[in-house]
Amino acid sequence: MNVVFLGPPGAGKGTQAETISKKRNMEHVSTGDLLREAVQGGTATGMKAKKYMEKGLLVPDELVVDIVADRMSKGGHDSSFLLDGFPRNLAQAKALDQTLKGLGNKVDVVFYFAISEDMAVKRLTGRWLCSSCGANYHELYMPPEKAGICDKCGKPLGQRPDDKVETVKKRLKVYREQTAGLIDYYERKGVLKTIDAEQRAELIHESICKTLDTPSKEEIYDRV
Ligand code: AMP
């Protein structure tokens, strides 16, 4: 089964993708993570991607599509993929359909994480990360015991450069203009499932699992 998490930055896609992919043995493909790794590793792709990411803009399709196809080809034929942050425009959605077709597969479910822009801004601008052990915090919802210091390893916390308020606003504008149209694309394919992403993380998790555990019409027909 191949699943896409669609929604604005700050909707909680990454958090859910981590737990769901582990629990259900799926390959978690986060283009944001893959691009940040490429930037940190100083690869040619990373060097090209960096200037777009810093400004909150989408990285050109050809770079992202190649990174995803490469990652998926390493997953093996029987893999289930959970795509988080990809596709982000129509060209990427069509490229994903092609890549999956090549693997004899398709997009089965798209979860649209619905959240207001105000809430997304609050979530992103309050997010703090430990650069040493990777632990996540939020100044309102999950503050560390001592401000600015990681509870787990005692190292200083930092903010993702693109979580600064002006860049967050830019990222949301880019989402509205280039990504939100995919809601319609997947709705017309009959695979869209809307999730209230303003709920508590546990409730979002339950709702996703419930959908994934419900057999599709095709599966029911196959069994008869
Ligand atoms: P994310 O962690 O998903 O919010 O992504 C962080 C940044 O990486 C985005 O603001 C974009 O600059 C870039 N990025 C991630 N995924 C994509 C994608 N599918 N297409 C283009 N750029 C992307």
Side-chain angles (χ1 to χ4, degrees), residues 2-21 27-72 81-100 107 110-115 117 119-131 134 136-138 158-183 185-186 197:
N2 299 297
V3 174
V4 170
F5 280 2
L6 175 68
K13 303 184 298 295
T15 310
Q16 294 294 335
E18 265 187 30
T19 46
I20 301 268
S21 59
E27 303 264 350
H28 177 193
V29 182
S30 156
T31 40
D33 286 350
L34 291 170
L35 289 165
R36 278 184 289 277
E37 271 165 32
V39 171
Q40 264 179 354
T43 66
T45 300
M47 270 144 66
K48 286 184 204 150
K50 191 168 184 257
K51 54 180 186 288
Y52 297 93
M53 295 172 77
E54 282 171 349
K55 292 184 191 137
L57 300 173
L58 292 189
V59 170
D61 291 341
E62 59 274 18
L63 295 181
V64 184
V65 166
D66 282 355
I67 275 197
V68 172
D70 185 50
R71 172 68 183 78
M72 288 176 81
F81 294 102
L82 197 172
L83 294 138
D84 153 22
F86 182 89
R88 263 173 148 104
N89 60 28
L90 193 57
Q92 293 183 9
K94 292 192 167 161
L96 175 63
D97 290 342
Q98 281 308 111
T99 306
L100 283 170
V107 171
V110 175
F111 288 98
Y112 162 46
F113 284 59
I115 183 175
E117 287 209 2
M119 176 72 101
V121 170
K122 240 187 237 167
R123 287 207 186 148
L124 291 171
T125 54
R127 193 158 75 164
W128 290 87
L129 300 172
C130 176
S131 53
N136 280 287
Y137 299 89
H138 193 282
Q159 226 185 352
R160 247 172 69 171
D162 59 350
D163 279 349
K164 305 253 156 66
V165 72
E166 281 320 309
T167 319
V168 161
K169 288 192 176 152
K170 181 81 200 171
R171 287 162 69 198
L172 286 165
K173 182 168 184 277
V174 167
Y175 168 79
R176 238 184 286 129
E177 292 173 353
Q178 301 186 47
T179 311
L182 292 180
I183 299 167
Y185 178 77
Y186 286 119

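Whatever order the structure lists ligands and atoms in, that order sets their numbers, starting from 1. Just so it is clear, the structure is predicted and the values come from calculations on it, not from any experiment.
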Tell me, which pairs form a side chain to side chain donor-acceptor pair (under 3.5 Å) where one or both residues lie in residues 36-49, sequence neighbours left out?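 As it turns out, the side chain to side chain donor-acceptor pair (under 3.5 Å) pairs with a partner in residues 36-49, which skip direct neighbours, are Asp33-Arg36.
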
Heavy-atom contacts with ligand 1 below 4.0 Å: which residues, ordered by chain and residue number?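 Close residues (ligand 1, cut-off 4.0 Å): Thr31, Gly32, Leu35, Arg36, Met53, Leu57, Leu58, Val59, Val64, Gly85, Phe86, Arg88, Gln92, Arg160, Asp162, Arg171.
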
Any side-chain heavy atom of Thr167 within less than 4.5 Å of one from Lys55?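 No, side chains not in contact.
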
Side chain to side chain, Val168 and Pro9, heavy atoms closer than 4.5 Å: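 No, every pair of side-chain atoms sits at 4.5 Å or beyond.
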
What pairs meet the salt bridge (Lys or Arg N to Asp or Glu O under 4.0 Å) rule with one or both residues in residues 170-181, with sequence neighbours excluded?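 Non-adjacent pairs meeting salt bridge (Lys or Arg N to Asp or Glu O under 4.0 Å): Glu117-Arg176, Asp162-Arg171, Asp163-Arg171, Lys173-Glu177.
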
Are the side chain of Lys13 and the backbone of Gly7 linked by a donor-acceptor contact shorter than 3.5 Å?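 It does hold such a pair.
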
Result block: side-chain N/O donor-acceptor pairs under 3.5 angstrom for residues 81-93, not counting sequence neighbours:
from: Asp84; atom 1: OD2; to: His28; atom 2: NE2; distance (Å): 2.9
from: Arg88; atom 1: NH1; to: Gly85; atom 2: O; distance (Å): 2.9
from: Asn89; atom 1: OD1; to: Ala91; atom 2: N; distance (Å): 3.3
from: Asn89; atom 1: OD1; to: Gln92; atom 2: N; distance (Å): 2.8
from: Asn89; atom 1: ND2; to: Asp61; atom 2: OD1; distance (Å): 2.9
from: Asn89; atom 1: ND2; to: Asp61; atom 2: OD2; distance (Å): 3.4
from: Gln92; atom 1: OE1; to: Arg88; atom 2: N; distance (Å): 2.8
from: Gln92; atom 1: NE2; to: Asp61; atom 2: OD1; distance (Å): 3.0

